[in-house]
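I have placed the structure first, in the form of structure tokens, so that the comments after it can refer back to it.
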Number of protein chains: 2
Amino acid sequence: MKQKITLKHIARELEVSISTVSKALKNSDEISDDTKEKVQAFAKLYNYKPNNIAVSLKNKRTKNIGVVIPDIVHHFFTTVFRGIEKYANEQGYNVIICVSDESFDKEVINMEMLNNGSIDGFIMSLSAETQQKNDITHLKQVVDQGTPLVLFDRVTDELECDKVILNDQEIAYEATKKLLKEGRKRIALATTESYFNVSEKRADGYRQALNEYGMEVDNDLVLVLPYNDIQESMIEDFYDRAKVDAILSVNEIFAIQCISVAKKRGMKIPEDISFIGFTDGLLSRYSNPTLTVVAQHGVKMGEIAAKMLIDRVESEAEGSIEDTYRTEIVQATILDRESTIN
Amino acid sequence: MKQKITLKHIARELEVSISTVSKALKNSDEISDDTKEKVQAFAKLYNYKPNNIAVSLKNKRTKNIGVVIPDIVHHFFTTVFRGIEKYANEQGYNVIICVSDESFDKEVINMEMLNNGSIDGFIMSLSAETQQKNDITHLKQVVDQGTPLVLFDRVTDELECDKVILNDQEIAYEATKKLLKEGRKRIALATTESYFNVSEKRADGYRQALNEYGMEVDNDLVLVLPYNDIQESMIEDFYDRAKVDAILSVNEIFAIQCISVAKKRGMKIPEDISFIGFTDGLLSRYSNPTLTVVAQHGVKMGEIAAKMLIDRVESEAEGSIEDTYRTEIVQATILDRESTIN
DNA sequence: TTGTAAGCGTTATCAG
DNA sequence: CTGATAACGCTTACAA
């Protein structure tokens with residue numbers, strides 16, 4: 001195992017001082033061309049690379065971004081992450097990722113783990129449990145310590161920081177209106193059991209559209225499903241008790257499962273019933289019929305979040321005036337596919 | 001922005017030396033109970049946490065693992081990553097992730113970015129391009145420098161290092177035999193256009209089973225598809241020119257698409273044609289019919305890879321004898337679902 | 001043009 | 001029991 005080469009080695013070998021080597025490698029004009037050449041040649045030969053850790057300690061900048069998300073085996077978060085990673089790498093930043101697994105405790109532990117110098121800032125989306133408890137002291141602490149933080153998608157109003165969100169309510173409103181325009185009279189909403197601010201906002205948009213069309217919001221038309229372990233019988237029961245001719249679903253899994261049960265019951269899609277789901281994942285693309293979806297543009301969200309964070313990190317480093325926090329809104333779009341009439 | 005508190009601050013405040021503080025916080029018995037109490041109370045009050053970067057510099061250990069994978073928006077890699085992250089976090093390690101995007105250059109850049117002190121070791125799966133070029137000098141360099149490296153899934157025989165792989169050939173053989181036992185006579189293989197060692201091994205298992213049943217391997221029965229942008233017509237053409245009654249697919253997307261086209265052609269599944277695909281992702285679970293798959297147990301692979309890496313990192317730190325490199329084989333299993341006769 | 005020295009925050013050795 | 005000092009690898013005033 002060859003030891004990694006350091007400035008000290010080069011200095012010793014070339015019989016110059018460490019600072020001379022350091023400057024020579026930075027092409028400083030304090031150093032003679034001769035020496036520079038000699039040092040640079042030697043460094044290249046031995047493939048010298050400055051030790052990141054030492055540089056970080058000196059600069060008090062790590063060029064690492066901490067990402068804390070509830071789940072990685074989930075298409076939306078995956079795409080956001082992709083966007084973060086893409087932009088960050090372009091800017092020479094690495095991404096350290098921690099998964100909270102929808103658990104408050106894991107979220108806290110992970111953030112503490114990272115917030116001791118390992119990272120320059122956080123990008124995160126709140127875990128289900130955190131949203132439920134509505135306890136964000138760990139976030140406040142991070143912000144208080146001066147660590148930049150960007151929240152995306154699952155955000156909270158209780159914290160002042162940069163945020164990136166989707167126009168959830170508006171697009172849910174648009175999606176519902178699309179169904180209304182198809183002539184649907186009994187539009188259901190399939191939503192999550194646990195509390196997510198985004199589900200809430202989507203429900204708001206749904207209600208808004210119905211109201212606008214002078215329709216009452218019928219609670220029988222709201223199908224609440226658990227995050228995991230969905231039993232088909234739940235959906236069966238729903239179809240039994242509520243006559244529906246369209247479903248807006250807050251995610252694609254619920255939509256796909258509702259479609260599946262509908263097909264088994266002999267309902268024709270989109271003639272008898274039409275579907276729109278949130279999230280443009282694999283399922284909606286390859287299902288039969290393909291699912292009309294609300295595309296959340298995760299990659300874009302990720303890029304924006306990363307840009308916001310890095311901008312802030314770098315402006316703080318330069319000691320420039322902190323402008324106030326911003327909330328960027330990504331515009332979702334509806335992708336028409338076979339589960340609706342177009 | 002409150003400054004992060006350091007040993008120095010505590011020392012100054014309490015009018016003791018830095019080393020006393022350091023020892024007191026470590027509960028060293030060199031320090032009087034009085035002092036320890038005082039220091040610890042103060043530290044807790046001000047929420048002192050040692051600076052990771054400084055500790056890393058001192059120890060020459062970062063407690064960071066670098067993961068380099070071809071793609072994150074891909075169920076298999078996502079699950080492996082989940083396993084890595086899980087085990088690593090349990091052991092107090094963070095995971096830094098870089099995506100090579102199937103590109104050789106990005107793989108090289110990412111690894112250089114990380115291999116300058118940021119991480120204690122690598123876990124990676126080769127990009128498509130790297131496998132194609134078969135150029136692994138960047139890996140050799142890493143290993144030469146003494147950085148532990150664990151390869152998983154897409155590995156290479158050209159490099160001596162720890163590896164975690166699936167019993168690809170064997171399970172493809174089993175899967176094919178399952179189809180043969182159903183009485184299938186014209187079993188096709190749907191595989192990738194670009195070269196992956198795993199696709200190759202799966203093809204070997206497929207051929208082996210056919211041979212065992214005294215059947216010739218008919219090249220007309222091999223459907224080669226591109227990684228992206230699959231046109232339905234390719235599959236249409238395939239069905240036109242080759243009469244098939246079963247398809248083994250090296251991934252789930254190909255299988256789902258073949259199913260979709262088969263259904264459109266009025267073929268009954270699994271009566272007329274049956275399907276098995278690699279990867280137990282969402283698609284196979286929610287497709288119609290559900291897809292019988294080879295489960296690759298990604299989470300387990302990830303955990304094993306992380307364990308191998310961390311074991312090696314820690315044994316090197318202790319200077320213990322390096323045993324030779326190991327290759328762990330994860331046993332895949334076949335999950336029977338509706339696309340085969342069970 | 002080159003080198004010395006201090007410092008980033010810790011830990012560990014050794015003296016007091 | 002406590003503290004000074006050196007070291008990890010690098011950068012950067014400031015001397016020479």
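Quick note on labels: first sequence line is chain A, next is B, and so on, each numbered from 1.
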Qualifying residue for side chain to side chain contact (heavy atoms under 4.5 Å, CB included) with Met124(A), from Val68(A), Val142(A), Val67(A), Val155(A) = Val68(A)
Do you know which two heavy atoms are closest between Val150(B) and Met308(B), and how far apart they sit?
-> CG2-CB, 4.1 Å
Return all side-chain donor-acceptor pairs below 3.5 angstrom for residues 88-96 of chain A, not counting sequence neighbours, or 'none' if the list is empty.
residue, atom, partner, partner atom, Å
Asn89(A), ND2, Glu85(A), OE2, 3.2
Asn89(A), ND2, Asn110(B), OD1, 3.3
Tyr93(A), OH, Arg61(A), NH2, 2.9
Tyr93(A), OH, Glu314(A), OE2, 2.7

To the nearest angstrom, the CG-P distance between Asn116(B) and dG9(D) comes to 14 Å
Quick one, which residues of residues 37-62 of chain B touch DNA chain D with a heavy atom under 4.0 Å?
-> Leu57(B), Lys58(B), Lys60(B)
Verdict with reasoning, Tyr48(B) to His9(B), per ring pair (Phe, Tyr, Trp, His ring centres under 6.0 Å) | CA-CA 10 Å; Tyr48(B) 168 80; His9(B) 296 134; 9.4 Å; no
Bend of the helix from dT1(C)-dA16(D) to dG16(C)-dC1(D) from end-axis comparison, five pairs per end, nearest 10°, comes to 60°
With a 4.0 Å cut-off on heavy atoms, is Lys23(A) in touch with a base, just the backbone sugar-phosphate, or nothing at all?
-> base
Is there a residue in residues 7-21 of chain A whose heavy atoms reach under 4.0 Å of DNA chain C, and which residues are they?
-> Val16(A), Ser17(A), Ser19(A), Thr20(A)
Only counting residues at least two apart or in another chain, list the ones meeting salt bridge (charged side-chain N to carboxylate O under 4.0 Å, His left out) with Asp153(B).
-> none
Using atom CD of Glu30(A) as one end and atom C1' of dT1(C) as the other, report the distance to the nearest whole Å.
-> 8 Å
Sort and list the pairs that fulfil salt bridge (Lys or Arg N to Asp or Glu O under 4.0 Å) and have at least one residue in residues 65-74 of chain A, not counting sequence neighbours.
-> none
